[in-house]
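Encoded as structure tokens, the structure appears first; notes follow it.
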Amino acid sequence: MKEQLRALVGAALVRAVADGALVSGVLPDIVIETPANPDHGDFATTVALGMARAEKKAPRQIAEIIIAHLPEGELVSSVEIAGPGFINFRVRNEAWRKVLPDIVRAGASYGRSDGGRGRKVQVEFVSANPTGPLHIGHGRGAAIGDTICRLLSVTGWDVTREFYYNDAGAQIANLALSVQARCLGIEAEDPRWPADGYQGDYIRDVGRAYLAKETVHADGQDVTGTGDPDDLEAIRRFAVASLRREQDQDLAAFDVRFDVYSLESDLYIDGRVDAAVKRLTEKGHTYEKDGALWLKTTDFGDDKDRVMRKADGGYTYFVPDVAYHLAKWERGFTRVINEQGADHHSTITRVRAGLQALDAGIPQGWPEYVLHQMVTVMRGGEEVKISKRAGSYVTLRDLIDEVGRDATRYFFVMRKPDSQLVFDIDLAKEQSNDNPVYYVQYAHARICSILENAREKGAVMPAPDAAPLHRLETAEEMALLKYLAVFPETVEGSAREFEPHRITGYLQELAGLFHGFYNRNRVLTEDGELTAARLFLLQGVAITLKNALAMLGISAPERM
RNA sequence: GCGCCUGUAGCUCAGCUGGAUAGAGCAACGGACUUCUAAUCCGUAGGUCGCACGUUCGAAUCGUGCCAGGCGCGCCA
């Protein structure tokens with residue numbers, strides 16, 4: 001709709017220049033916007049305001065010229081000049097009604113578009129270390145990352161979902177020591193307890209299972225505990241497998257799936273880490289100091305250089321990260337998006353600096369990042385404190401079990417990633433109109449219920465070509481039609497900016513318009529034609545609600 | 001001290017990348033169920049958009065400087 005108007009205004013400008021009414025020869029970008037105030041029409045443009053200077057004319061005068069040169073058409077019903085020089089358009093109701101058959105014909109694919117044109121994109125998200133269960137922060141990352149994948153997919157991208165396991169660093173050694181300590185019956189208060197050991201109950205559980213020689217299945221492999229508390233390597237393998245299985249189950253319960261799991265340990269085994277270091281050194285971006293090998297990240301915008309290889313010979317964490325991202329690039333992903341917690345934002349500069357220093361033809365802004373801010377959990381009006389080391393924190397699993405998958409996902413994506421999120425457990429659990437998830441799902445269920453009643457009464461859903469669209473004319477009906485029409489561009493914007501919350505906002509607005517319609521317009525009436533028209537409209541609303549919910553990985557119940 | 005994020009109604013947050021009188025939900029107050037699901041709807045009230053300059057026809061939005069909060073600033077990951 002906006003595109004059609006843009007073309008119309010563009011044609012008017014060209015014609016005005018052709019007959020000499022406009023002289024500057026400067027053709028501005030034509031921005032068509034939707035006024036906040038419906039009294040200002042369906043669409044508005046400010047081109048006349050922008051051209052005032054170059055044309056040396058009053059904006060309102062330019063607006064007159066543009067209007068005088070607008071081509072005739074069936075789209076626009078009225079045009080007027082307002083305020084300092086806005087041009088306001090009103091679109092014919094017939095034009096709005098035409099979106100409805102399109103929606104019904106498109107069905108599950110309404111809202112899809114093809115901006116991605118089948119190009120490959122890889123999205124890495126969650127990437128939790130296998131040292132504990134997934135917590136609420138990972139949950140936000142999982143919900144945002146998964147939704148971004150879905151949004152990219154419906155806008156035409158070929159998406160690969162990837163999870164990276166840091167299974168090779170000091171944290172894993174720490175995990176193994178912690179489990180070993182539990183196996184040996186050492187308590188956290190004991191002086192023999194490992195420094196910075198993980199104290200959560202889950203460590204105790206893993207130790208118990210290891211001693212009981214249980215078998216865990218993770219990543220397509222079985223790992224069996226040997227029961228030997230002195231075999232640290234066996235404990236490590238068992239512990240990592242246990243926690244990976246745990247995380248896999250949590251993610252499955254959240255309906256989040258990955259195409260590829262990458263292991264940090266594999267990067268060492270494959271020699272990719274050494275190769276990356278060698279290449280960085282050959283390119284002359286490193287130097288030795290204080291017994292360590294440094295990367296000159298300051299050449300690439302960092303505020304200080306960073307150690308790559310420690311004096312003890314081990315690599316710092318960002319080195320395998322660089323090797324990993326080089327591998328992503330070599331796998332052919334010219335577009336990569338990393339979804340992470342904002343507490344790790346300092347890695348961005350380092351990883352990008354390392355990639356630039358490799359001189360591998362990787363663009364400067366690659367990879368892209370989506371960072372989400374912290375989550376605070378409220379229960380009973382009080383903040384639930386999180387302490388990972390002490391093991392007292394709300395896990396993703398607890399949350400899903402308590403408030404349900406749909407509500408959990410909805411709440412996690414309801415705010416833009418840049419904003420800190422307050423997760424109110426009591427509110428998320430509430431089955432009332434306070435809870436936005438139920439509000440939206442209820443709208444869908446309500447429509448399904450009406451359609452069901454219609455079938456029982458023998459009312460017939462018209463075919464898209466035969467719907468009596470002209471019977472849709474009340475204010476509520478027109479508002480719904482106009483808002484349905486805007487869904488595809490909402491999806492595109494949401495995908496482009498990595499802002500899933502635009503979809504929840506759209507859903508709430510659409511559900512609100514529907515509920516408002518419902519309370520003032522009866523669908524099943526004695527007037528067969530009117531009934532058919534309204535049934536057809538509701539079908540379009542239900543399709544759009546369901547598609548939008550699907551983009552968030554949330555169900556659209558037919559009964560509540 | 002430096003970097004990133006945030007600051008909009010009592011609370012939680014939108015604000016479509018510079019437009020018209022700044023919006024929604026909740027909370028408060030007042031209404032609507034013999035009608036397709038009241039898990040709903042309608043109305044009222046609520047604001048120096050953190051503060052100050054600047055950019056211009058026009059700023060919640062862009063720039064600079066302050067103020068406040070969060071997160072980072074390891075030879076931890």
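Residue numbers start from 1 in every chain, and the chains themselves are labelled A, B, ... in the order their sequence lines are given, proteins ahead of strands.
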Any salt bridge (Lys or Arg N to Asp or Glu O under 4.0 Å) pairs touching [range], not counting sequence neighbours?
range: residues 527-542 of chain A; value: A/Arg471-A/Asp527, A/Arg471-A/Glu529, A/Glu477-A/Arg534
range: residues 435-449 of chain A; value: none
range: residues 309-327 of chain A; value: A/Glu288-A/Arg309
range: residues 499-521 of chain A; value: A/Glu476-A/Arg520, A/Glu499-A/Arg502

At a cut-off of 3.5 Å, list every protein nitrogen or oxygen paired with a nitrogen or oxygen from nucleotides 32-34 of chain B, distance to 0.1 Å.
none

Rounded to whole angstrom, note down the [atom1] distance from [N] over to [M].
N: B/rC62; M: B/rA68; atom1: C1'; result: 22 Å
N: B/rC71; M: B/rG65; atom1: C1'; result: 23 Å
N: B/rU61; M: B/rG15; atom1: C1'; result: 9 Å
N: B/rC66; M: B/rA24; atom1: P; result: 37 Å
N: B/rA60; M: B/rC16; atom1: P; result: 13 Å
N: B/rU64; M: B/rC11; atom1: C1'; result: 33 Å
N: B/rC29; M: B/rG46; atom1: C1'; result: 12 Å
N: B/rC2; M: B/rA28; atom1: C1'; result: 46 Å

So [X], base contact, sugar-phosphate only, or nothing? Heavy-atom distance under 4.0 Å.
X: A/Asn174; value: nothing
X: A/Ala52; value: nothing
X: A/Arg309; value: nothing
X: A/Thr34; value: base
X: A/Asp424; value: nothing
X: A/Val422; value: sugar-phosphate
X: A/Ala454; value: nothing

Expected list for residues 80-87 of chain A: side-chain donor-acceptor pairs under 3.5 angstrom, two or more places apart:
none

task: Classify the side chain of A/Tyr438 versus the base of B/rA39 as yes if they form a donor-acceptor pair under 3.5 Å and no if they do not.
output: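 For A/Tyr438, whose side chain was compared with the base of B/rA39, there is no donor-acceptor pair (under 3.5 Å).
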May I have the distance from [X] (atom [atom1]) to [N] (atom [atom2]), rounded to whole angstrom?
X: A/Gln61; N: B/rC57; atom1: CD; atom2: P; answer: 18 Å
X: A/Met461; N: B/rC36; atom1: CE; atom2: P; answer: 19 Å
X: A/Arg446; N: B/rU35; atom1: CZ; atom2: C1'; answer: 12 Å
X: A/Asp305; N: B/rG74; atom1: CG; atom2: C1'; answer: 15 Å
X: A/Phe318; N: B/rA77; atom1: CZ; atom2: C1'; answer: 13 Å
X: A/Tyr317; N: B/rC75; atom1: OH; atom2: P; answer: 10 Å
X: A/Asp312; N: B/rC75; atom1: CG; atom2: C1'; answer: 7 Å
X: A/Gln340; N: B/rG72; atom1: CD; atom2: P; answer: 14 Å

Have [X] and [Y] got a donor and an acceptor in their side chains that come within less than 3.5 Å?
X: A/Asn166; Y: A/Gln171; answer: no
X: A/Asp302; Y: A/Thr349; answer: no
X: A/Glu124; Y: A/Ser127; answer: yes
X: A/Tyr324; Y: A/Glu162; answer: yes

Could you list the donor-acceptor pairs under 3.5 angstrom formed between side-chain atoms of residues 369-377 of chain A and any protein atom two or more places apart in sequence or on another chain?
| residue | atom | partner | partner atom | Å |
| --- | --- | --- | --- | --- |
| A/His372 | ND1 | A/Glu339 | OE1 | 3.3 |
| A/His372 | ND1 | A/Glu339 | OE2 | 2.7 |
| A/His372 | ND1 | A/Gln340 | O | 3.3 |
| A/His372 | NE2 | A/Gly137 | O | 3.4 |
| A/Thr376 | OG1 | A/Leu421 | O | 3.4 |

message: Check this for me, if you would: do A/Arg496 and A/Glu489 make a salt bridge, where the nitrogen-to-carboxylate-oxygen distance has to be below 4.0 angstrom?
response: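 Looking at A/Arg496 and A/Glu489, the cut-off is not met.
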Counting just side-chain N and O atoms, does [X] come under 4.0 Å of either OP1 or OP2 of [N]?
X: A/Lys304; N: B/rG1; value: no
X: A/Tyr518; N: B/rA38; value: yes
X: A/Arg306; N: B/rC73; value: no
X: A/Tyr164; N: B/rA77; value: no

field: Pairwise distance CG(A/Leu355) to NZ(A/Lys328) - rounded to 0.5 angstrom
entry: 10.0 Å
query: So what does the secondary structure string of RNA chain B come out as, 5' to 3', with Watson-Crick or wobble pairs under 3.5 angstrom, [ ] for crossing and | for pairs with another strand?
result: (((((((..((((.....[...)))).(((((.......))))).....(((((..]....))))))))))))....
Quick test: give all pairs of protein nitrogen or oxygen and nucleotides 17-23 of chain B nitrogen or oxygen below 3.5 Å, distance rounded to 0.1 Å.
| residue | atom | partner | partner atom | Å |
| --- | --- | --- | --- | --- |
| B/rU17 | O4 | A/Glu497 | OE1 | 2.6 |
| B/rA20 | N6 | A/Asn88 | OD1 | 2.7 |
| B/rA20 | N1 | A/Asn88 | OD1 | 3.1 |
| B/rA20 | N1 | A/Asn88 | ND2 | 3.0 |

Nearest-neighbour nucleotide for the A/Arg520 side chain, B/rC42, B/rG70, B/rC36 considered: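 Of the options given, the side chain of A/Arg520 lies nearest B/rC42.
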task: Sequence neighbours left out, what passes side chain to side chain donor-acceptor pair (under 3.5 Å) with A/Thr316? Give chain and number order.
output: none
message: Please enumerate all residues that pass side chain to side chain donor-acceptor pair (under 3.5 Å) together with A/Thr531, with sequence neighbours excluded.
response: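 Listed in chain order: A/Thr525.
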query: Taking the six-membered ring for Trp, is the centroid-to-centroid distance between A/Phe412 and A/Tyr410 below 6.0 Å?
result: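 Ring centres of A/Tyr410 and A/Phe412 not closer than 6.0 Å.
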query: A/Glu264 or A/Met560: which one's nearest nucleotide on RNA chain B is closer to the 5' end?
result: A/Met560
query: Between A/Ser449 and A/His344, which has a closest nucleotide on RNA chain B that is more 5'?
result: A/Ser449
- request: Give the B/S/- string for nucleotides 3-11 of chain B, one per nucleotide from 5' to 3', where a protein heavy atom under 4.0 Å of the base yields B, of only the sugar-phosphate yields S, and otherwise -.
  value: BSSS-----
message: For A/Lys546, is the NZ atom crowded, meaning more than 12 foreign heavy atoms sit under 6.0 Å from it?
response: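 Incorrect, the count does not exceed 12.
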query: Taking it one step at a time, do A/Lys278 and A/Asp274 satisfy salt bridge (Lys or Arg N to Asp or Glu O under 4.0 Å)?
result: CA-CA 6 Å; A/Lys278 184 165 173 244; A/Asp274 287 332; over 6 Å; no
